[in-house]
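Take a look at the structure below.
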Number of protein chains: 2
Amino acid sequence: MGKAKPTKYAILSLLSLEPMSGYDMKKLIDVSLVHFWSESYGQLYPTLRALESEKLVTSRRERGSGKPDRIVYTITRKGRWELKNWLRQPADIPRVRYELLLKLFVGSMLPVESNAEQIRLQRRELAHGLSKFRLYRKMVMEDGVDPMHRVYFLLTIRHGEMVARARIRWCDEALKILGEVAKESPDE
Amino acid sequence: MGKAKPTKYAILSLLSLEPMSGYDMKKLIDVSLVHFWSESYGQLYPTLRALESEKLVTSRRERGSGKPDRIVYTITRKGRWELKNWLRQPADIPRVRYELLLKLFVGSMLPVESNAEQIRLQRRELAHGLSKFRLYRKMVMEDGVDPMHRVYFLLTIRHGEMVARARIRWCDEALKILGEVAKESPDE
DNA sequence: AATAATATATATCATTATGATATATGACCC
DNA sequence: GGGTCATATATCATAATGATATATATTATT
């Protein structure tokens, strides 16, 4: 039934903040929203054209002084209206594919140490991601961000932090458990 | 470069436990692994045929007494070998698309109460998911599960619990913050 | 006894998404 | 002069989803 079309609404969401190009969106997502969203160019550019033909956004070509030309998109009144409609629908539960846990699920095929190393790797990446949230906070607090938007942005950052911290705690717990298992049966 | 093909390895992982049909896999994932994995029939059945032509699995048709016929797949030695190879590669970081947080990111377009309601809905689903982990634990402890497999399965369950608890804590914190915001500016 | 709903089981397809690559411009550096 | 980096749009093969189709048998409802 209802096709979700998350990319469509992700684009409209970003354009509700300010006009920007597809390239801008990709950068913004990869730098500041990566803890809860992702988009690929292959989905971004075709969807932008589709949104324009739906009259949900307009575009203007900007001469790139030095850099290549940019196509800057602006959300229309109709676009804002459709975005609000979507915002009011219950958010659907994300399907997950957490490769590390799939590998651990059949971890007994490999030596304990191999699985422990996977967890250590994961822990390192989580700790690195965690350090970025401090930067995000600074960014949000700095310039003239709308105070209500600031509150909501901070909520997404807080979510990222809390989940990352929980995962790090899990890594530590898991490594401890695997350490004990290794002591009991060092051959496995 | 390296195509990940997670479905391929998810199938090999399940078959490393015991022979089963595509239907069995879908059920097993939806019931017991849903906190870290998902698959669709549209990906499962074609991939199973591809794996057979790669000689990583074999199949036999089982007459369904009453029920329709089933095609039961068994992993081959070559399949086990390829699975182990994949298990040794570092697990890649999952890209997320957490719709609730995208909606909150532009939450200032709607009244505070609308966003609070979204969070309350999410909290309910998280609490419901949390209650299932108790069942999983029982399942794992019951019958003759291999002790090492049990350890690893319990780790994935523990991860699900810890992340779900962290998210519930975030919901409560977020609702508190939005409550205060609503008091300060009840019009917004 | 007829009808509806549910569970089992495989299969296909349009739509959506990813990851990689192609193309092009100018800045900066050695 | 060559190499790399950042900017910017575009496309394509592959992968994944969600929906639907088909078929059989059991159980529940009217």
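Lettering of chains follows the sequences in order, A, B, ..., and the numbering in each one begins at 1.
- A cation-pi arrangement is present between B:K103 and A:W86, with the terminal nitrogen or guanidinium carbon under 6.0 Å from the aromatic centre and inside a 45° cone about the axis.
- Along DNA chain D, the nucleotide closest to B:L44 and the one closest to A:Y73 are compared, and the more 5′ of them pairs with A:Y73.
- B:E52 places its CD atom 12 Å from the P atom of C:dT10, with the value rounded to the nearest Å.
- In this structure, A:Y9 places its OH atom 14 Å from C1' of C:dT16, rounding to the nearest Å.
- Atom CD1 of B:I29 and atom C1' of C:dA9 are 16 Å apart (whole Å).
- OP1 or OP2 of C:dA11 has not a single side-chain nitrogen or oxygen of B:Y41 nearer than 4.0 Å.
- If you look at A:Y98 and B:H35, their ring centroids are not closer than 6.0 Å.
- For B:Y45, the side-chain atoms get nearest to C:dT10 when compared with the rest of C:dT10, D:dT17, C:dA17.
- Put simply, B:S21 has a side-chain N or O that comes within less than 4.0 Å of OP1 or OP2 on C:dT10.
- For B:Y136 (side chain) and B:V31 (main-chain N/O), a donor-acceptor pair under 3.5 Å exists by modelled atom type.
- Atoms NZ (B:K8) and P (D:dT14) sit 14 Å apart, rounded to a whole Å.
- Rounded to whole angstrom, the span from the CG atom of B:L28 across to the P atom of C:dA9 amounts to 14 Å.
- Of the candidates D:dA6, C:dT10, D:dT17, the closest approach to any side-chain atom of A:Y23 belongs to D:dA6.
- At the phosphate of C:dT16, neither OP1 nor OP2 sits under 4.0 Å from any side-chain N or O atom of A:T47.
- Comparing D:dT17, C:dA9, C:dT25 against the side chain of A:P68 picks out C:dT25 as the nearest.
- Look at A:R49 and you'll find a side-chain N or O under 4.0 angstrom from OP1 or OP2 of D:dA10.
- Distances shown here put every side-chain N or O of B:T7 at or beyond 4.0 Å from the OP1 or OP2 atom of D:dA15.
- When rounded to the nearest whole Å, the span between CD1 of A:I11 and P of D:dT9 equals 12 Å.
- At the heavy-atom level, A:G22 lies under 4.0 Å from the strands shown only through sugar-phosphate atoms.
- Closest to the B:P6 side chain, of the nucleotides D:dA8, C:dA11, D:dA16, is D:dA16.
- Applying the 4.0 Å criterion to OP1 and OP2 of D:dA16, one finds that A:R97 has a side-chain N or O inside that range.
- With rounding to whole Å, A:K67 atom NZ is found 7 Å from D:dT7 atom P.
- Results of the salt bridge (charged side-chain N to carboxylate O under 4.0 Å, His left out) test with B:E161 over B:R134, B:R137, B:R167 single out B:R137 as the only residue that passes.
- If you measure from atom NZ of B:K27 to atom P of C:dT6, you get 14 Å, rounded to the nearest angstrom.
- Residues B:Y152 and A:F105 place their aromatic rings such that the two centres sit no closer than 6.0 Å.
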